[in-house]
Amino acid sequence: IASQEAEKRGWHLYLVGGSVRDLLLVEAQPGTLMINDIDLVVDGFHQAADVGAGIELAKALQQIYQNARLEIHGAFQTAALLWHKDPELDSLWVDIATSRTEFYPYPAANPEVEASSIRQDLYRRDFTINAMALRLTSPRSGELLDFFGGLLDLQAKQVRILHPNSFIEDPTRIYRGVRFAVRFGFQIEQRTEEYIRYAINSGVYDRTSQENTKTPALQTRLKAEFKNILAATYWQSALHLLDNLGALRCLHHSLKLDGEVLRQLSLLDIYLRRFGQQQNLHDWQMRLEVLVAHLEPKYQAKVAKNLQLADDSISRFNKLFAAQTEIITSLPNCELPSQIVHLLRKYDLATLILIALQSPRKIRRKIRHFLTNLAKIQPLLNGNDLKELGYKPNPLYKQILDDLLTATLDGTIKDKSEAREFLA
Ligand code: CTP
């Protein structure tokens, strides 16, 4: 239907980017293919289509598929149609753009857009394997447009850049290249790797790691790439490759993937399996926080803010050093369960996990004991019981419940009748 609508208007329509790559990959290595993100590009027949053609086509399709939601991104002259098949299931995104050339007004900036033809549109893309198009309109519908050797690179299992400036213009592509290489078991082609190293050595990430209001969109895209990588099953290999290329300096120039942080990251998985559900912690975010927490305390909150982490992450890093100092100093002296609870209950789960990972085993054990057992223990009597016993709600209530909790935790009282005696 989309191609008919395009043909009616005298345009070509192409499937481009990741879905073409994935279709070709699945043809070469049969397996399951789940495409829920489709990129379409509209182009004119003899000259570039109007800049607004993609948006016009999306609007026409929305008239036909009224259950699709239409989103228009005016600044990029693109539109998206979104189908929510079922809130529990995957959704389908169809992005529709007009073929375009992008100009980067300065390195690492957001691109500015101008109408162009499909070849130029493909040339502005990141890697040859992502720069192929499948024509959907006639004549010659079904034809693969592969101007830059994408198919050969897929067969040779390599990630190859299209033009030398690519990583300078868009440093997130370094992360994308690593992601594709690790995900598909490909190599980063030698020249491409040289361009990556050149971009990093020329300081492309130093601009991003300073507080820089000029590139907030870049930070958002970098955070999205971290999320993609750290949420995937191949996150460890990807981190090693990023470290090897020197790309982790986009977080901070001092960040290295040393044995200590690797130990913390693998221990983190155990904590996430055990406690992650309690507060819906996201694996990727905690992995990223472990990397940030590995930096000197004075840099942590700044790096979290630069990367536009959520406010609660930033405030966690603002307080992490003080929390760690208090716990390291006081926890060894806490012998009674109630002392452990009173010390640790003021901290959120993520803070406690970050501190546990960095602490010696004795401290880690106490934190784990708190999270597994002590934090769940309730006082033997609750507010209703107190009311029944004739206590009127007053400011002392909280204190009474706290005393009851202390006695419950330390085993001074064992059941409700002992609790009543305790109050008397
Ligand atoms: N693209 C690019 N440079 C970027 C991001 C995207 O050139 N920094 C181009 C690539 O051609 C890519 C397409 O835009 O294939 C779509 O991007 P995206 O949906 O982010 O990635 P996919 O390649 O579809 O990969 P994935 O399957 O991981 O979503």
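Counting convention: from 1, in listed order, for ligands and their atoms alike. Sequence positions, counted from 1, serve as the residue numbers for this chain.
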Checklist outcome for this item: Within 4.0 Å of some non-hydrogen atom of R179, the atoms of ligand 1 are 28 (O)

Checklist entry - According to the interplanar angle, ranging from 0 to 90°, do the rings of H12 and Y14 count as parallel (below 30°), tilted (30 to 60°) or perpendicular (above 60°)? => result tilted

Checklist entry - Between H342 and S338, is there a donor-acceptor pair closer than 3.5 Å when you use the side chain of the first and the backbone of the second? => result yes

Checklist entry - Considering only heavy atoms, does N130 approach ligand 1 within less than 4.0 Å through its side chain, its backbone, both, or neither? => result both

Next on the checklist: So that I know where these two stand, are F226 and Y175 an aromatic pair - ring centroids less than 6.0 Å apart?
Outcome noted: yes

Item to check | Salt-bridge criterion met for D402 and R345 (N-O under 4.0 Å) | outcome: yes

Item to check | Element-labelled atoms of ligand 1 that are located less than 4.0 Å from some non-hydrogen atom of D170 | outcome: 4 (C), 8 (N)

Next on the checklist: Can you confirm whether Q279 is buried at CD, in the sense that more than 12 heavy atoms of other residues, nucleotides or ligands lie under 6.0 Å from that atom?
Outcome noted: yes

Checklist entry - ligand 1 versus N228, non-hydrogen atoms closer than 4.0 Å: side chain, backbone, both, neither? => result neither

Checklist entry - What do you reckon, does R221 put a non-hydrogen atom under 4.0 Å from ligand 1? => result no

Checklist entry - Counting only N and O atoms by type, is there a donor-acceptor contact under 3.5 Å from the side chain of R124 to the main-chain atoms of D121? => result yes

Next on the checklist: For F127, state whether at least one heavy atom is located under 4.0 Å from any atom of ligand 1.
Outcome noted: no

Checklist entry - Which ligand 1 atoms does D39 reach within 4.0 Å, using its non-hydrogen atoms? => result 16 (C), 19 (O)

Can you give each donor-acceptor pair under 3.5 Å made by side-chain atoms of residues 15-27, sequence neighbours left out, with the distance rounded to 0.1 Å?
| residue | atom | partner | partner atom | Å |
| --- | --- | --- | --- | --- |
| R21 | NH1 | N130 | OD1 | 2.8 |

Next on the checklist: Quick check on contacts: which atoms of ligand 1 are under 4.0 angstrom from a heavy atom of G17?
Outcome noted: 15 (O)

Checklist entry - Just wondering, more than 12 heavy atoms not from F321 lying within 6.0 Å of its CZ? => result no

Item to check | Candidate with minimal heavy-atom separation from atom 1 (N) of ligand 1, of E169, R125, R176 | outcome: R176

Checklist outcome for this item: Short version for R183: what comes under 4.0 Å of ligand 1, heavy atoms counted, is side chain

Next on the checklist: Is there a polar contact between ligand 1 and S19, counting only N or O atoms under 3.5 Å apart?
Outcome noted: no

Checklist entry - At a non-hydrogen distance cut-off of under 4.0 Å, which region of V16 contacts ligand 1 (side chain, backbone, both, or neither)? => result neither

Checklist entry - Can you find an N/O atom of R124 closer than 3.5 Å to an N/O atom of ligand 1? => result no

Next on the checklist: Donor-acceptor check, side chain of T137 to backbone of L13, threshold 3.5 angstrom: yes or no?
Outcome noted: yes

Next on the checklist: Between Y195 and E189, is there a side-chain donor-acceptor contact under 3.5 Å, judged purely by atom types and distance?
Outcome noted: no

Next on the checklist: Only heavy atoms of D37, strictly under 4.0 Å: list the atoms of ligand 1 that pass.
Outcome noted: 19 (O)

Checklist entry - Are any of the N or O atoms of G18 closer than 3.5 Å to those of ligand 1? => result yes

